[in-house]
Asks: 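Take this structure, written in structure tokens, and hold onto it; I'll ask about it next.
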Amino acid sequence: MYEIIEKRELAPGIKLMKVKAPLVAKKARPGQFIILRVMEEGERIPLTIADYDREEGWVSIIFQEVGFTTKALGMLEQGDSILDFAGPLGRASDLDGRQRVLCIGGGVGVAPLYPQVKYLHEQGTHVDVIIGARSKEYIILEDEMRKLSKNMYISTDDGSYGYKGFVTYVLKDLIKQGNKYDEVIAIGPLIMMKSVSQITKEHNIPTTVSLNPIMIDGTGMCGGCRVSVGGEIKYACVDGPEFDGHLVDFDEAMRRQQMYRNEEKRAEHECRLYKGAYE
Amino acid sequence: MALILKKTPMREQAPDKRRHNFKEVALGYTLEEARTEAKRCLQCKKPLCVEGCPVNVQIPHFIKCIADGDIKEALRIIKETNNLPAICGRVCPQEEQCESKCILGRKGEPVAIGRLERFAADYMMEQEEDQQVPEMAKRDKKIAIVGSGPAGLTAAADLAKLGYDVTVFEAFHEPGGVLVYGIPEFRLPKSLVRKEIDGLKKLGVKFETNVIIGKTITIDELLDNGYEAVFIGTGAGLPKFMNIPGENLNGVYSANEYLTRINLMKAYDFPNSHTPIKQGKKVAVVGGGNVAMDAARSALRLGAEEVHIIYRRSEEEMPAREEEVHHAKEEGIIFDVLTNPVEILGQDGWVTGIKCIRMELGEPDESGRRRPIPIEGSEFVMDIDTVIIAIGTSPNPLIKSTTKDLAVYPWGGIIIDEETGATSKDRVYAGGDAVTGAATVILAMGAGKRAAKAIHEKLSRGE
């Protein structure tokens, strides 16, 4: 059992949990993820590590309540425990040797971006950050990112905060203004990462994206997380979760993300536990 | 006494009933049936069956005890060399091992050794008398076992019985390895695996789940942190795909994923269990091994109307156990042999069909089996909505990639000394599918035993 030592709501339906997991914290590095199970009969879901403290022995996760499991997770409170919490999984980000990096986070994707921005900042790298969300209330980690970045840009779809529009508008603008970057790191919804990668490809800016596909074990055993990268099949769990954004087949990845759409609907309608919790 | 040429039949769930449930197919012997069967044994002076057993269970000896009605003693004898009899009695390929050597088999059917082994274990579990923990002197030495499948569990049990302080590390949330994620409930009830594991806990074995060796902790860290030896029994968990077009369509599974969702994650009970699985109506399983049979029969139980086994050679070359093929056919699985998929077809991202080509057998290949050759122009399309690829697995590279000086073959198997299980790295041993590639439960157990013995010899030197 893994105790939740802190819980906060960062935005409507977006929650942060600091989880006591000393072994995971000891090894965690930016870009890696964990797999958790909330309860007996629970599903195993991957979540990217949002922060960690080796000394204090905790790992934090930030998640949006979208499906059954994330909703059940969101119902746990400080002092409760998560049944299973395994990691760190996947390869760590390669962040060394960069001069200027642009980090783009969309929605809850800002969370896994945070340890990378932090790491880059500690290396003395010039980091600019764009964070985007549907509207002002969904912007997360703004203060934290502001402290670590040289320049910080915000965009919201409805214009309630920062630029009106998608993060890609800001990205295009920055490129147009003549900003040069060694690399763009984009984490967020697949459609956002796809759009970012299309733009950076036109300008030949190396781009890294982080994928979070459906998986079970996270160690290469099920193959459920397979993704086409440059025409080759890769497993997001062991070959990723980060890949070259210019090579990822995003359309396929988006389609595979929909694999259990019908089952998820069914679960919401049928599951006794779900009904019990929400009636 | 006249020879009885036939095995005492074992009751089974009827095919038309069992194809709709995940309950165990074979129901086991009663005490009376077991004693009748045990009395068929000729009690050979030089028992060949024992040689046929990878862990050399004293077969005539335990069978004699069953015949005499002393089941407790029978189980004690089995457990001297086999820590997991309820499991082996069910999933060992006895027809290729002990039973293949039985003298009775020359004229009729061999003694049903597997069924008797299973009986002894089940009977004593029911009596709940299988609790006695042998007295053992504690040794103040820690040993780490990586992976909790058959190889790891066997090594752990043997070393615990010798008094070592044994910890088993498992990446999943539940111990058991392939016994819990791979082999379906209808062949090997999970409650039984749990009981066997509880037995190991009583021997003092500790289980650390959710620890991925190579990620959470490395092998070198184990050795630096007080573990005197490490046994790697991580299995062959990496699924192979065919590299044909369409394999990334929605509705295509590796057998590993399909079976793990069903067995470990209990997707058959969705949504009470929260892990979903696609309930295909027309399912094609590619492959001819036990895993393919397990996947096909599982698909049927999930409610498929039609399940095909697609295999490129003929039924004669199928690596699956005869019993599994027989059970699958009884349940209505359709066998498309001498057939090979060339493309998975889809629409809007979902599987709609599989394009196959007919094959014929040519000259024997390096495996000794006749090589399948495509018949030109024989392509045809089967309408299906789910494809399960069960063409084999290879060892997981996770440990290799994080362990210095651990030598492996180019295909991924860990290189060991056959006698001892010693790897290229000092104090590190390995066995089971991680070494051989996908094989059987009992071979993995044999490897676990050999390594345990070698570890004990090394650590007790100079004591």
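Quick note on labels: first sequence line is chain A, next is B, and so on, each numbered from 1. Computed from a predicted model, the values in this text were never measured in an experiment.
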Asks: Measure across B:His274 and A:Gly42 and return the closest heavy-atom pair with its distance rounded to 0.1 Å.
Replies: ND1-CA, 3.5 Å
Asks: Any chance the side chains of A:Arg256 and B:Asn248 put a donor and an acceptor closer than 3.5 Å?
Replies: no
Asks: So does B:Lys190 have more than 12 non-hydrogen atoms from other groups sitting under 6.0 Å from NZ?
Replies: yes
Asks: Mind checking which of residues 76-91 of chain A sit less than 4.5 Å from chain B, heavy atom to heavy atom?
Replies: A:Leu83, A:Asp84, A:Phe85, A:Ala86, A:Gly87, A:Pro88, A:Leu89, A:Gly90, A:Arg91
Asks: In Å, rounded to the nearest 0.5 Å, how long is the span from OG1 of A:Thr219 to CD1 of B:Ile213?
Replies: 12.5 Å
Asks: Please name the pair of heavy atoms, one in A:Met221 and one in B:Phe172, separated by the smallest distance, quoted to 0.1 Å.
Replies: SD-CE1, 3.8 Å
Asks: What distance separates A:Met259 CE from B:Asn250 CG, expressed to the nearest 0.5 Å?
Replies: 5.5 Å
Asks: Does B:Glu221 form a side chain to side chain contact (heavy atoms under 4.5 Å, CB included) with A:Lys27? I'd like the steps, not just the answer.
Replies: CA-CA 12 Å; B:Glu221 285 169 326; A:Lys27 285 291 169 60; 2.5 Å; yes
Asks: Side chain, backbone, both or neither: which part of B:Ile217 has an atom under 4.5 Å from a heavy atom of chain A?
Replies: both
Asks: Would you say the side-chain atoms of A:Arg255 pair up with the backbone N or O of B:Trp350, donor to acceptor, closer than 3.5 Å?
Replies: no
Asks: Could you tell me whether A:Arg29 atom CZ has more than 12 heavy atoms of other residues or ligands within 6.0 Å of it?
Replies: no
Asks: With a 4.5 angstrom heavy-atom cut-off, is it the side chain or the backbone of B:Lys215 that approaches chain A, or both, or neither?
Replies: both
Asks: Counting distance only, does the side-chain N/O of B:Thr216 pair as donor-acceptor with the main-chain N or O of A:Val24 below 3.5 Å?
Replies: no
Asks: Please state whether the side chain, the backbone, both or neither of A:Ile214 comes within less than 4.5 Å of a heavy atom of chain B.
Replies: side chain
Asks: Ignoring hydrogens, what is the shortest heavy-atom contact between A:Ile216 and B:Arg261? Give both atom names and the distance.
Replies: CD1-CG, 3.4 Å
Asks: If you count heavy-atom pairs under 4.5 Å between each of B:Val211, B:Asp269, B:Asp348, B:Ile277 and chain A, which one has the most?
Replies: B:Ile277
Asks: Could you look at B:Tyr181 and say if it's the side chain, the backbone, both or neither that has a heavy atom under 4.5 Å from chain A?
Replies: side chain
Asks: Spell out the residues in residues 227-243 of chain A that have some non-hydrogen atom less than 4.5 Å away from a non-hydrogen atom of chain B, in order of number; otherwise answer 'none'.
Replies: A:Val227, A:Ser228, A:Ile233, A:Tyr235, A:Val238
Asks: Heavy-atom pairs under 4.5 Å with chain A - which of B:Val252, B:Asn243, B:Thr209, B:Thr393 has more of them than the others?
Replies: B:Val252
Asks: Could you have a look at A:Glu252, A:Arg37, A:Gln32 and say which one has the most heavy-atom pairs with chain B under 4.5 angstrom?
Replies: A:Arg37
Asks: Tell me, side chain or backbone of B:Leu249 under 4.5 Å from chain A's heavy atoms, or both, or neither?
Replies: both
Asks: Hey, what do you get for CD (A:Glu41) to CE (B:Met265), rounding to the nearest 0.5 Å?
Replies: 9.0 Å
Asks: B:Thr218 versus chain A, heavy atoms under 4.5 Å apart: side chain, backbone, both or neither?
Replies: both
Asks: Does NZ in B:Lys142 sit with more than 12 non-hydrogen atoms of other residues, nucleotides or ligands closer than 6.0 Å?
Replies: yes
Asks: Take B:Thr260 and A:Asp217, measure what side chain to side chain contact (heavy atoms under 4.5 Å, CB included) needs, and give me the verdict at the end.
Replies: CA-CA 9 Å; B:Thr260 302; A:Asp217 58 294; over 6 Å; no
Asks: So, taking the atom named CD in A:Glu43 and the one named OG in B:Ser273, what distance separates them when rounded to the nearest 0.5 Å?
Replies: 8.5 Å
Asks: Which answer fits B:Leu238, side chain, backbone, both or neither, if we ask what part of it has an atom under 4.5 Å from a heavy atom of chain A?
Replies: both
Asks: Of all the heavy-atom pairs spanning B:Pro239 and A:Gly220, show the shortest one and how long it is.
Replies: CD-O, 3.4 Å
Asks: For a quick test of reading the model, state the closest non-hydrogen atom pair linking A:Tyr260 to B:Glu257 and the distance between them.
Replies: OH-OE2, 4.1 Å
Asks: Atom SG of A:Cys222 and atom OH of B:Tyr253: how far apart are they, to the nearest 0.5 Å?
Replies: 10.5 Å
